[in-house]
Number of protein chains: 2
Amino acid sequence: MLSNKTALEDLKKVLKNKGMKYTEQRAVILQILFTLDDHLSAEEVHLVVKQKYPELNIGIATIYRTLNFLEEVELISSISFGKDGKKYEPNKKTHHDHLICVSCGKIVEFYDEDIEVRQESIAKINNFKITDHNMQIYGLCQDCQNKS
Amino acid sequence: MLSNKTALEDLKKVLKNKGMKYTEQRAVILQILFTLDDHLSAEEVHLVVKQKYPELNIGIATIYRTLNFLEEVELISSISFGKDGKKYEPNKKTHHDHLICVSCGKIVEFYDEDIEVRQESIAKINNFKITDHNMQIYGLCQDCQNKS
DNA sequence: GTCAATGCAAATCGTTTGCATGAAC
DNA sequence: GTTCATGCAAACGATTTGCATTGAC
């Protein structure tokens, strides 16, 4: 479990290791993902940065470059939801999957041990060595069921 | 389970119902998905059509329009794989999920009753009414494990 | 002072749309 | 003959790239 603070420390460490530079842009993008702790698209991150740090005048290219980098070094991760495209979240938590409301877009995280175990056996049966997996359940959340 | 033949019949029926026209382009695209019985991207479908029916001189716009239509009327369905984007498959089979080799791109289909049941309970716990779900397991297939 | 990172604009990729032409009915 | 479907090219949205400038070290 990474806190906001340790994530920043990790960023500095990784950058130094790779001979890369610590910049405010990189720090800010990482912090936003960790403090908002939500699932944000690249554009959404851009909006938040512009709003919270207008003096930075950050470009969309930097957003993309930084998100790609942060994902590469595993400080954040991304998932592609059907229509809504790619979204990023901080790597704070252990593995989990997502319930997504098809009406309002709400995202609920869940973890199910039984499913994890079954996935392992399915991979074994098919002679696959798992590197990763993801699962999305789409449906109507309580609120949206009530509305209709 | 739809065979190649019945799929074509269904297509004709749907088109008539909707006051739309039966064209060779639409038939050919449907047939390719049913006979190859693989997971193809729009571009891949385009390539196959051009190769197998060069005289049709089919445009990429028609490919997209037709794939969208066929998916809408549920003769085919699509899934988005991480890096590889959207792929289409014929609606021949019952529901299933996918194992995907991260090295060679091979796709293996599977169905697991336990997982389906668990998904239902997870949705119930979170007050979601499931409309759909999908799950991908990424890993190395047997062949690619041997290579490395 | 050096080298990497940034912002900007142009380029690119996958997909969609507008429109004149051609094919199905 | 009417209407819908097609091919083509232009438009589009999301993402990436090239390049001159700026900022970290």
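Because the structure is a prediction, the values reported are computed rather than measured. Residue numbering restarts at 1 for every chain, and letters A, B, ... go by the order of the sequence lines.
Straight-line distance from the NE2 atom of H46(A) to the C1' atom of dG13(D): 15 Å, rounded to whole Å. Rounding to whole angstrom units, NZ of residue K87(A) and P of dA14(D) are separated by 12 Å. Distance OH (Y64(B)) to P (dC12(D)): 18 Å, rounded to an integer number of Å. If you measure from atom CD of E24(B) to atom P of dG7(D), you get 11 Å, rounded to the nearest angstrom. Atom CG of L11(A) and atom C1' of dA24(D) are 14 Å apart (whole Å). In this entry the distance linking CG of L70(B) with P of dA5(D) reads 13 Å, nearest Å. One can place CD of E43(A) at 13 Å from C1' of dC12(D), the figure rounded to the nearest angstrom.
Proximity of R26(B) to the phosphate of dT6(D): a side-chain N or O atom is located under 4.0 Å from OP1 or OP2. Phosphate proximity of dG7(D) to T62(B): present, with a side-chain N or O under 4.0 Å from OP1 or OP2. Considering only side-chain N and O atoms, N68(A) lies under 4.0 angstrom from the phosphate OP1 or OP2 of dT16(D).
Residue I58(B) is classed as a sugar-phosphate contact, given heavy-atom separations below 4.0 Å to backbone atoms only. Within 4.0 Å of L56(A), counting heavy atoms only, lie sugar-phosphate atoms of the nucleic acid but no base atom.
Place L15(B) and A61(A) on DNA chain D by their nearest nucleotides, and L15(B) ends up nearer the 5' end. Heavy-atom nearest nucleotides on DNA chain C were determined for Y22(B) and for K86(B), and the one closer to the 5' end corresponds to K86(B).
Among dT17(D), dA24(D), dA5(D), the nucleotide with an atom closest to any side-chain atom of R65(A) is dT17(D).
The local environment of CD in E24(A) is sparse, with at most 12 non-hydrogen atoms from other residues, nucleotides or ligands closer than 6.0 Å. Dense packing is recorded around NZ of K12(A), with more than 12 heavy atoms of other residues, nucleotides or ligands lying under 6.0 Å away.
Separation of atoms CG (L33(B)) and CD (E44(B)) is listed at 10.5 Å; rounding is to 0.5 Å.
Hydrophobic cluster membership differs between L99(A) and V117(B), with clusters built from Ile, Leu, Val, Met, Phe, Trp and Tyr side chains linked at under 4.5 angstrom.
Running 5' to 3' along DNA chain C, contacts with non-hydrogen atoms of chain B at under 4.0 Å begin and end at dG14(C) to dC25(C).
Side-chain contact check for M135(A) versus H98(A): every heavy-atom pair is 4.5 Å or farther apart.
Between Q51(A) and P54(A) the shortest heavy-atom distance is O-CD, 3.5 Å.
Ion pairing between a basic and an acidic side chain is recognised when a charged N comes within 4.0 Å of a carboxylate O; D38(B) and K87(B) show no such pairing.
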